[in-house]
Protein chains: 2
Amino acid sequence: MEATVKLEISDAEWEVMRIVWTLGESNSRQITEILADKMGWKSATVKTLLGRLVKKQALTTRKEGNAFIYTPLVAEQDAMDSATRALFGHLCQMKVGQTLADLIDNLTLSKENIADLQAQLADKAKTAPETVACDCLPDGCDAMKQEA
Amino acid sequence: MEATVKLEISDAEWEVMRIVWTLGESNSRQITEILADKMGWKSATVKTLLGRLVKKQALTTRKEGNAFIYTPLVAEQDAMDSATRALFGHLCQMKVGQTLADLIDNLTLSKENIADLQAQLADKAKTAPETVACDCLPDGCDAMKQEA
DNA sequence: AAAACGCGATTACAAGTGTAAACTTTAGTC
DNA sequence: GACTAAAGTTTACACTTGTAATCGCGTTTT
């Protein structure tokens, strides 16, 4: 049983992580250059974010000369999965299906992605329930409507 | 062109919204009862959240006797869609396919949901690109790897 | 060696969030 | 009409987040 430490990566921090994840490792100069360009951030801002990410243990450092080299301590896919599961976890379960549909409408997926999803859905259909109930209220949800 | 006002609903506020969305409208006593139970919140906490939601224009009120009746000003599905689009919007586009797959693994979908998604995907496949590139770095992404 | 520059660390500071207590107003009750 | 209970309003307070400036130190340059 993994004692998964809940890692909260903020939006701004996420931008930093994406770069380190993609590069595998990087130093603050390189990260700063990219984010100065992409986000218009000052180097001080990036330094703050890097510091917070190290404190949060999302990144680790290794000294190289006068500077640090930053490496991810969490896998990008894991972070993406927790973030999405956290979000969907507090949405009305009855409406996640539609939300997923609306989301997919806005995403660009490759043919391969789509094929994989189709296979996955075909399999999932075998054990899928007929309906999914709303879980927003203690009782059944549709109950007590407009009791106010 | 709708001037869509960016509505930021926090996690705690979301819990309140779910109840009002589901009931259609409600008063603070009813909401407090449910959340005292589900979240362990004091009535003062719920009052604060209701106040913030009214100020943010996520809810509106109508006086009834000594109390207010709260009604949503934003549709639940719209709020869910913005929240999910906002999240996926800052994830690596190359990895959203896998993320979606991992997410679906964790969701309960009805047979109908699945059928709808399958139809949607079949249609989307027609115009899908062969691959989706990573958009985490300015250049091509896989470029400059390990330059540090 | 002195000066300048790059890097990490410390400090800043307002806005948003979670969580609530205290105060005030209002609507019934005796 | 005075009192009380419930609902709304104000105040509180620590933590997170976005966005930096500044400080101190080691390294590079003149």
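Computation of the quantities below employed the complete heavy-atom set of this structure, encompassing side-chain atoms and omitting hydrogens, waters and symmetry-equivalent molecules. So you know, we letter chains A, B, ... as the sequences are listed, proteins then strands, and number each from 1. On a predicted model such as this, the values are computed, not experimentally measured, just so you know.
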S.K.: Which residues satisfy the side-chain hydrogen bond (donor to acceptor under 3.5 Å, both in side chains) test with B/E112, sequence neighbours excluded?
M.R.: none
S.K.: With distance as the sole test, does A/K63 use its side chain to make a donor-acceptor pair with the main-chain N or O of A/I69 at under 3.5 Å?
M.R.: no
S.K.: Please find the pair of heavy atoms, one from B/A128 and one from A/L109, that lie closest to each other, and give the distance.
M.R.: CB-O, 3.5 Å
S.K.: Walking along DNA chain D from 5' to 3', note the first and the last nucleotide with an atom under 4.0 Å from a heavy atom of chain A, and give both.
M.R.: D/dT17 to D/dT27
S.K.: With a strict under 4.0 Å distance from non-hydrogen atoms of chain B, what nucleotide opens and what nucleotide closes the contacted stretch of DNA chain C, reading 5' to 3'?
M.R.: C/dT17 to C/dA27
S.K.: Bend angle of the helix from C/dA1-D/dT30 to C/dC30-D/dG1 from five-pair axes at both ends, rounded to 10°?
M.R.: 20°
S.K.: Scan the side chains in residues 85-103 of chain B for donor-acceptor partners under 3.5 Å anywhere in the protein, sequence neighbours excluded, and list what turns up.
M.R.:
residue, atom, partner, partner atom, Å
B/Q93, NE2, B/F88, O, 3.2
B/Q93, NE2, B/L91, O, 2.9
B/K95, NZ, A/E76, OE1, 2.6
B/Q98, NE2, B/D102, OD1, 2.8
B/T99, OG1, A/Q77, NE2, 2.9
B/T99, OG1, B/K95, O, 2.7

S.K.: Using heavy atoms to find the nearest nucleotide of DNA chain C for A/K47 and B/I9 separately, return the residue whose nucleotide is more 5′.
M.R.: A/K47
S.K.: Determine yes or no for a side-chain-to-main-chain donor-acceptor pair under 3.5 angstrom, with B/W21 supplying the side chain and B/V16 the backbone.
M.R.: no
S.K.: Taking only heavy atoms on the protein side, list every residue of residues 36-46 of chain B lying under 4.0 Å from any atom of DNA chain C, sorted numerically.
M.R.: B/W41, B/K42, B/A44, B/T45
S.K.: Side chain to side chain contact (heavy atoms under 4.5 Å, CB included) with B/T32: which residues, sequence neighbours excluded?
M.R.: B/S43, B/V46
S.K.: For the backbone of A/L23 and the side chain of A/S26, can you confirm whether one donor and one acceptor N or O come within less than 3.5 Å of each other?
M.R.: no
S.K.: Show me the donor-acceptor pairs within less than 3.5 Å that the side chains of residues 47-55 of chain A make with the rest of the protein, sequence neighbours left out.
M.R.:
residue, atom, partner, partner atom, Å
A/T48, OG1, A/A44, O, 3.1

S.K.: Taking any heavy-atom pair under 4.0 Å as a contact, classify A/K55: base, sugar-phosphate, or nothing.
M.R.: nothing
S.K.: For B/D78, what residues pass the side-chain hydrogen bond (donor to acceptor under 3.5 Å, both in side chains) criterion, not counting sequence neighbours?
M.R.: none
S.K.: Can you sort out the partners of B/K111 under side-chain hydrogen bond (donor to acceptor under 3.5 Å, both in side chains), two or more places apart, ordered by chain and number?
M.R.: none
S.K.: Enumerate the residue pairs fulfilling salt bridge (Lys or Arg N to Asp or Glu O under 4.0 Å) with a member in residues 9-19 of chain A, sequence neighbours excluded, ordered by first and then second residue.
M.R.: A/E13-A/K56, A/E15-A/K38, A/R18-B/D135
S.K.: With sequence neighbours excluded, tell me which residues meet side chain to side chain contact (heavy atoms under 4.5 Å, CB included) with B/K42.
M.R.: B/T45
S.K.: Map B/Y70 and A/A12 onto DNA chain D by nearest heavy atom, then report which one ends up closer to the 5' terminus.
M.R.: B/Y70
